[in-house]
2 protein chains.
Amino acid sequence: MGFTKKHIFNTQQNQIANFTKMIGHPARVSIIQHISLNKNCNCNALVEAIGLAQPTISQHLSEIKKTGLLKQTVKGKNLFYSINQNKLNECRRLINDFFVKTQVNCCK
Amino acid sequence: MGFTKKHIFNTQQNQIANFTKMIGHPARVSIIQHISLNKNCNCNALVEAIGLAQPTISQHLSEIKKTGLLKQTVKGKNLFYSINQNKLNECRRLINDFFVKTQVNCCK
DNA sequence: AATATTAATCGTAATATTGCAATATCACTT
DNA sequence: AAGTGATATTGCAATATTACGATTAATATT
């Protein structure tokens, strides 16, 4: 097969999986870290910092964008990325909630 | 290609990616939730509760086990799974730290 | 207008993941 | 020893992911 049977899981389970899957590649971890550390971070800056080809970085960026975690600002010919803090908080809360519930349930 | 160039990333980035990738499938989210909620949860119980075939559940279990998140107890012919709390805490701290740093950095 | 810069998209190859049927293994029961 | 139950492994098909060269599109610069 190769596809995921998403329909047999509930919305929350799929959301948790979507967010963690998005983070689940070291290039995307690195991209998120770089963007949060550097204002005015564009695609080229990430290509140089990380060492993957430009199309590869662009592809990873679009995976992250699909979840809504990134904002874009055009300045001249540059496209600067920044973190969408609302989405970051949503993502963080969802995942943290998963950990808290797992921990509380498993030790009672 | 298809493979990940792990060597160009640091240990922490790979660790974060490994843990989040392990959680990044709704079946594995569901498996972890079930195990934490039910003491004496074995493979068959998961198969019935989730609705995927036994080999599929077994495969997802082994993905989770690879990260050390599960403990096993043999009782008769049953193999009961439970959450390794130390590993859960390690995983939670690592991911939370990633979120905290991202948040602190991006809004200063 | 021609050129350079920036980033997305296309096309493709290699590899990984997801899912299941069939089978194997291993422990317990009879 | 044969049978049963529980789980792991094997083998395979379908799909997804990762990576990059080539190309495209869009904007800036000269």
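Naming: A, B, ... by sequence-line order, numbering from 1 per chain. Only this structure's heavy atoms are used, side chains among them; waters, hydrogens and symmetry mates stay out. Remember, predicted model here, so these are calculated numbers, not experimental data.
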task: Both distances under 3.5 Å, Watson-Crick or G-U wobble: report the partner of D/dT30, or none.
output: C/dA1
message: Assigning hydrophobic clusters by single linkage (Ile, Leu, Val, Met, Phe, Trp, Tyr; side-chain heavy-atom cutoff under 4.5 Å), is B/Ile35 placed with B/Leu79?
response: yes
- prompt: Can you name the one residue among B/Arg93, B/Lys87, B/Arg92 that meets salt bridge (charged side-chain N to carboxylate O under 4.0 Å, His left out) with B/Glu90?
  reply: B/Lys87
- prompt: Would you say B/Leu69 and B/Phe80 are hydrophobically clustered, going by side-chain heavy atoms of ILVMFWY under 4.5 Å?
  reply: no
Spacing of B/Phe9 atom CZ relative to D/dA19 atom C1', expressed in whole Å: 11 Å
task: Identify which nucleotide among C/dA8, C/dA16, C/dG19 has an atom closest to any side-chain atom of B/His60, counting heavy atoms from C-beta outward.
output: C/dG19
task: Give a yes/no answer on whether the side chain of B/Ser58 brings an N or O atom under 4.0 Å of OP1 or OP2 in D/dT7.
output: no
message: From CG of B/Asn40 over to P of D/dA6, roughly how many Å is that when rounded to an integer?
response: 14 Å
query: Looking at NE2 of A/His60 and CD1 of A/Ile32, how far apart are the two atoms once the value is rounded to the nearest 0.5 Å?
result: 11.5 Å
task: Can you figure out which of C/dT6, C/dG19, C/dA16 approaches the side chain of B/Phe3 most closely?
output: C/dA16
message: Give the residues of residues 65-78 of chain B touching DNA chain C, defined as any heavy atom closer than 4.0 Å, sorted by residue number.
response: B/Gly76, B/Lys77
- prompt: Does B/Gln54 make a side-chain donor-acceptor contact with the base of D/dA8, cut-off 3.5 Å?
  reply: yes
message: When you group the ILVMFWY residues by side-chain heavy-atom contacts below 4.5 Å and let the links chain together, are A/Val100 and A/Ile16 in the same group?
response: no
- prompt: In whole angstroms, how far is the C1' atom of D/dA19 from the CD1 atom of A/Ile31?
  reply: 13 Å
query: The side chain of B/Gln59 lies closest to which of these nucleotides: C/dG19, D/dG21, C/dA7?
result: C/dG19
- request: Grab the NZ-C1' distance between A/Lys21 and C/dT18 for me, whole Å please.
  value: 10 Å
- prompt: If you check every side-chain atom of A/Tyr81, which of C/dG19, C/dA22, C/dA8 has the closest atom?
  reply: C/dA8
- request: Could you check how far CG of A/Asn18 sits from P of D/dT17, rounded to whole Å?
  value: 10 Å
field: Touch class at under 4.0 angstrom, heavy-atom based, for A/Lys6 against every strand present
entry: nothing
field: Spacing between B/Ile57 atom CD1 and C/dG19 atom C1', to the nearest angstrom
entry: 10 Å
query: Taking only side-chain nitrogens and oxygens of A/Lys5, does any of them come within less than 4.0 Å of OP1 or OP2 of C/dC20?
result: yes
statement: The residue, A/Phe80 or B/Ala53, whose nearest nucleotide of DNA chain C is more 5′ is A/Phe80
Length of the line joining B/Leu46:CG and D/dA6:P, which is rounded to integer Å: 13 Å
message: From the set C/dA16, C/dA7, D/dC20, return the single nucleotide nearest to any side-chain atom of A/Leu52.
response: D/dC20
task: For A/Thr4 and for A/Leu61, locate the closest nucleotide of DNA chain C by heavy-atom distance; then report the residue assigned to the nucleotide nearer the 5' terminus.
output: A/Leu61
task: Whole angstrom is fine here: how far is it from CG in B/Asn42 over to C1' in C/dC26?
output: 15 Å
- prompt: Can you tell me if the side-chain N/O atoms of A/Asn44 get under 4.0 Å from OP1 or OP2 in C/dT6?
  reply: yes
Approximate separation, where rounding is to 0.5 Å, of B/Gln85 CD and A/Gln103 CD: 6.0 Å
query: Does a side-chain N or O from A/Thr56 land closer than 4.0 Å to OP1 or OP2 of D/dT18, or not?
result: no
- line: Walking DNA chain D from its 5' end, the first of A/Gly51 and B/Pro55 to be reached, judged by nearest nucleotide, is B/Pro55
- prompt: When rounded to the nearest 0.5 angstrom, what is the spacing between CD1 in B/Ile31 and CG in B/Leu52?
  reply: 7.5 Å
Plane angle bin for B/His25 and A/Phe9 - parallel if under 30°, tilted between 30 and 60°, otherwise perpendicular: perpendicular
